[in-house]
Amino acid sequence: MTKGQVVAGDFGKIVMRVKSTEQIELGELVVIDDGEEKFILQVYDLVYGSQISQQNLEMVSGMNLEQGEFQIMDESLRNYQLAFLKPVLTVSKTSKMCKKLPSFFAKVREIRKEDLSFITLPENPLFLGNLRSGSRTMDFTISLPGKDVLSHHVLIPASTGKGKSNLMSCILWDITSKNYAGMLVLDPHDEYYGRIGLGLKDHPQKNKVCYYTPHNPPVGAKTLKINITKLKPEHFQGAISLSDPQRQCLHSYYKKFKNNWVRFLLEEKRIEGVNFHEDTISVVKRKLISLLDLDIDNGQMLSNGVFDMIAGENTITEMCSELEQGKMVIIDTSYFSGSLEIMIGSIVTTEIFQRYKYYKRTGQLDLKPVVSIVLEEAPRVLGKKVLENGSNIFDTIAREGRKFKVGLIAITQLPSEIPKNILANMNTKIILGIEMNSERQAVIESSPQDLSQDNRTIASLDKGEAFVTSTFTRFAVPIKVPLFKEFAKKEEKTSYQMDGSLFG
Ligand SMILES: Nc1ncnc2c1ncn2[C@@H]1O[C@H](COP(=O)(O)OP(=O)(O)OP(=O)(O)O)[C@@H](O)[C@H]1O
Ligand SMILES: [Mg+2]
């Protein structure tokens, strides 16, 4: 169906007159068939146009408002809308990049499923949603090459309530059916497992979902306990702020007492030949006791929380081997303070990263699934302010994880708080609606594709509507994420019919 006709423009901005009977929306995809070539374009702005001078228009309007019904002759010919289009892709036999202008006066039509037949299903498809043209959801699924996407990091920025958690639930559900990735999910809202309501526990392959919680584990879940001897000084990096002498204090105890370092530090056992300022030890001690939720009673250490003197010897090892088997490890951190959550996340992440580094050295890495770490409110560990106090395991992974098949999925409302170089390293961004301009700018500036004209479109995204911009897609793809409830129901019935991806 013809939507309009090209009337002006330049390479990045093609102006189309919209046919009066047609509706056109921001973000809509349209097609120009031009001989051998087919151009796919996207609407990024809409304005009014008229053959009648502004003064006359205003006069007609005045007569209309003040004196009743008054019509312009040939109204649909004289008044119209103009849509600004940016070319996103050319489909031709010879080249795939857009380097030409479509012919002048070319007819512009609606996009159809067949226009996308060049898109094929990638290896290890990661399902994200359906292709979307404006607010119209198309019968065409979009999947990305899962292994590459996960190891090269994913950013999910959006304002609150735009559907980040819903998208994450869908992604996790989809990955659970596959075997190419181990997922570590730090879940501060305890929303993914589905303790109450639908969640990953309801997946047909629920044996691949491992759930750790500190309180009342439901059937099939495990109690989260970590033995205190498993702690290392670097695990505290990013979780609590320590001055240089305080950090040195941790390291000295670790060096001297190895596995028993926390206990001996809390008991203030002296290290021969090393003298700490008394204050340093007592401050460090206080910080550890409060973070680890320990008590000392008559010289006896008591644990109230996750960190235990006796239990939890194997927890970390177990989690890591689950991840290495391509399973999903969900840790319910909803009971913890932010710093404790980060601490626990750091422990598991550090361990799995070290293992994968080792596998790389010994040539076994190819046999392992990718591991992806899901971080909610990512600026808590990747924020500029946090990183000013020193690097931590998460930013190490953001910088070099992909070499070792370990990646991050960073979810955030405030992408601008994450340093630019880390944002740029996140090679796939699934952008949902973002209300604040400064946050949109941060994402647009660090996107693999040019989104400079899409500011308005991103601002107008509704719940579940997204843009996928990725080094693994040929253009920034508008998608509609399904509602998790419906997605999970459907996936149970039809086992994975996916017909499209953008891996070109
Ligand atoms: N793809 C979707 N389609 C339709 N509705 C959706 C979609 N995604 C989310 N919603 C609706 O929006 C609500 C909020 O979604 P969600 O909890 O995923 O947002 P969020 O971005 O995680 O918010 P928060 O910042 O509070 O964590 C959901 O309860 C659901 O009703
Ligand atoms: Mg959420």
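No experiment lies behind these values; they were computed from the predicted model shown.
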State, yes or no, whether a side-chain contact exists between S446 and K429 at a heavy-atom distance under 4.5 Å. yes
Heavy-atom distance under 4.5 Å between the side chains of H203 and K208, does that happen here? no
Any donor-acceptor pair under 3.5 Å from E439 side chain to S416 backbone: yes
Step by step, work out the side-chain contact (heavy atoms from CB on, under 4.5 Å) result for Q354 and T350. CA-CA 6 Å; Q354 271 165 7; T350 308; 3.8 Å; yes
Are any side-chain N or O atoms of K164 and backbone N or O atoms of S159, one a donor and one an acceptor, separated by less than 3.5 Å? yes
Is it true that F487 and F484 have ring centroids separated by less than 6.0 Å? no
Is there a side-chain contact between K403 and L365 (heavy atoms, below 4.5 Å)? no
So, does K86 use its side chain to make a donor-acceptor pair with the main chain of Q453 at under 3.5 Å? no
Mind listing the closest non-hydrogen atom pair of A398 and N425 along with its distance? O-ND2, 3.5 Å
Side chain N166, main chain P482, donor-acceptor under 3.5 Å: yes
Flag if over 12 foreign heavy atoms under 6.0 Å of NZ, K107: no
Does T469 offer a backbone N or O that forms a donor-acceptor pair with the side chain of T473 under 3.5 Å? no
Backbone of V6 reached by a side-chain donor or acceptor of R17 within 3.5 Å: no
Might you confirm whether atom CG of L65 has over 12 heavy atoms from other residues, nucleotides or ligands at distances under 6.0 Å? yes
Taking all non-hydrogen atoms of both residues into account, name the closest pair between L46 and A83 and its distance. CD2-CB, 3.7 Å
Tell me the closest heavy-atom pair linking P188 and R380, and the distance in Å. CG-NH2, 4.4 Å
From R109 CZ over to T2 OG1, what is the distance, rounded to the nearest 0.5 angstrom? 9.0 Å
Between K162 and E435, does a salt bridge (Lys or Arg N to Asp or Glu O under 4.0 Å) hold up when you go through it step by step? CA-CA 10 Å; K162 292 290 184 182; E435 277 144 20; 3.7 Å; yes
Heavy-atom closest pair, residues W173 and P204: CZ2-CD, 3.8 Å
Does the side chain of I418 come within less than 4.5 Å of L155's, by heavy atoms? yes
Can you name the residues that form a salt bridge (charged side-chain N to carboxylate O under 4.0 Å, His left out) with E114, not counting sequence neighbours? R112
Worked verdict on S133 versus M138 for side-chain contact (heavy atoms from CB on, under 4.5 Å): CA-CA 7 Å; S133 177; M138 297 184 63; 4.1 Å; yes
Derivation and outcome, side-chain contact (heavy atoms from CB on, under 4.5 Å), residues M343 and S339: CA-CA 6 Å; M343 166 99 194; S339 16; over 6 Å; no
May I ask you to decide whether D395 forms a salt bridge with R399, counting only side-chain N to carboxylate O separations under 4.0 Å? yes
Gap separating the NE2 atom of H153 from the CZ atom of R402, nearest 0.5 angstrom: 6.5 Å
Looking only at side-chain N and O atoms, does S346 offer a donor or acceptor that is under 3.5 Å from a partner on Q237? no
Pairs flagged by ring pair (Phe, Tyr, Trp, His ring centres under 6.0 Å) wherever residues 371-411 is involved - sequence neighbours left out: F353-F404
Output the distance between atom CG (L167) and atom CG (L483), rounded to the nearest 0.5 Å. 12.0 Å
Hey, is the main chain of V381 close enough, under 3.5 Å, to the side chain of N392 for a donor-acceptor pair? yes
Quick one: OG1 on T457 to CZ on R440, what's the gap to the nearest 0.5 Å? 9.5 Å
If we ignore hydrogens and angles and just use 3.5 Å, is the side chain of D187 paired with the main-chain N or O of E191 as donor and acceptor? yes
Check whether any side-chain heavy atom of F84 sits under 4.5 Å from a side-chain heavy atom of V15, and report yes or no. yes
For K384, is the NZ atom crowded, meaning more than 12 foreign heavy atoms sit under 6.0 Å from it? yes
Report yes if some heavy atom in the side chain of V348 is under 4.5 Å from a heavy atom in the side chain of I373; otherwise report no. no
Below 30° counts as parallel, above 60° as perpendicular, anything between as tilted: where do the rings of F472 and H152 land? perpendicular
Can you see which heavy atom on A158 is nearest to which on L432, and at what distance? CB-CB, 3.4 Å
R78: partners by salt bridge (charged side-chain N to carboxylate O under 4.0 Å, His left out), with sequence neighbours left out: none
In terms of heavy-atom contacts, I411 and Y192 come closest through CD1-OH, 4.2 Å
Count the heavy atoms of every other residue, nucleotide or ligand shown that sit under 6.0 Å from OH of Y48, and state whether that count exceeds 12. no
Exercise: do D34 and S103 side chains pair donor with acceptor under 3.5 Å: yes
Chi angles and distances behind the side-chain contact (heavy atoms from CB on, under 4.5 Å) call for Y211, R195: CA-CA 10 Å; Y211 179 60; R195 209 189 251 263; 3.2 Å; yes
Side chains of T362 and Q364: do they bring a donor and an acceptor to under 3.5 Å? yes
Nearest 0.5 Å please: distance from the CZ atom of F39 over to the OG1 atom of T90. 5.0 Å
Without swapping roles, check the side chain of K480 against the backbone of R132 for a donor-acceptor pair under 3.5 Å. no
In the structure I gave you, are the side-chain heavy atoms of N124 and K178 within less than 4.5 Å of one another anywhere? no
Donor-acceptor check, side chain of E324 to backbone of P369, threshold 3.5 angstrom: yes or no? no
Working to the nearest 0.5 Å, report the span between OH of Y44 and CG of L451. 13.5 Å
Is there a side-chain contact between D115 and V91 (heavy atoms, below 4.5 Å)? no
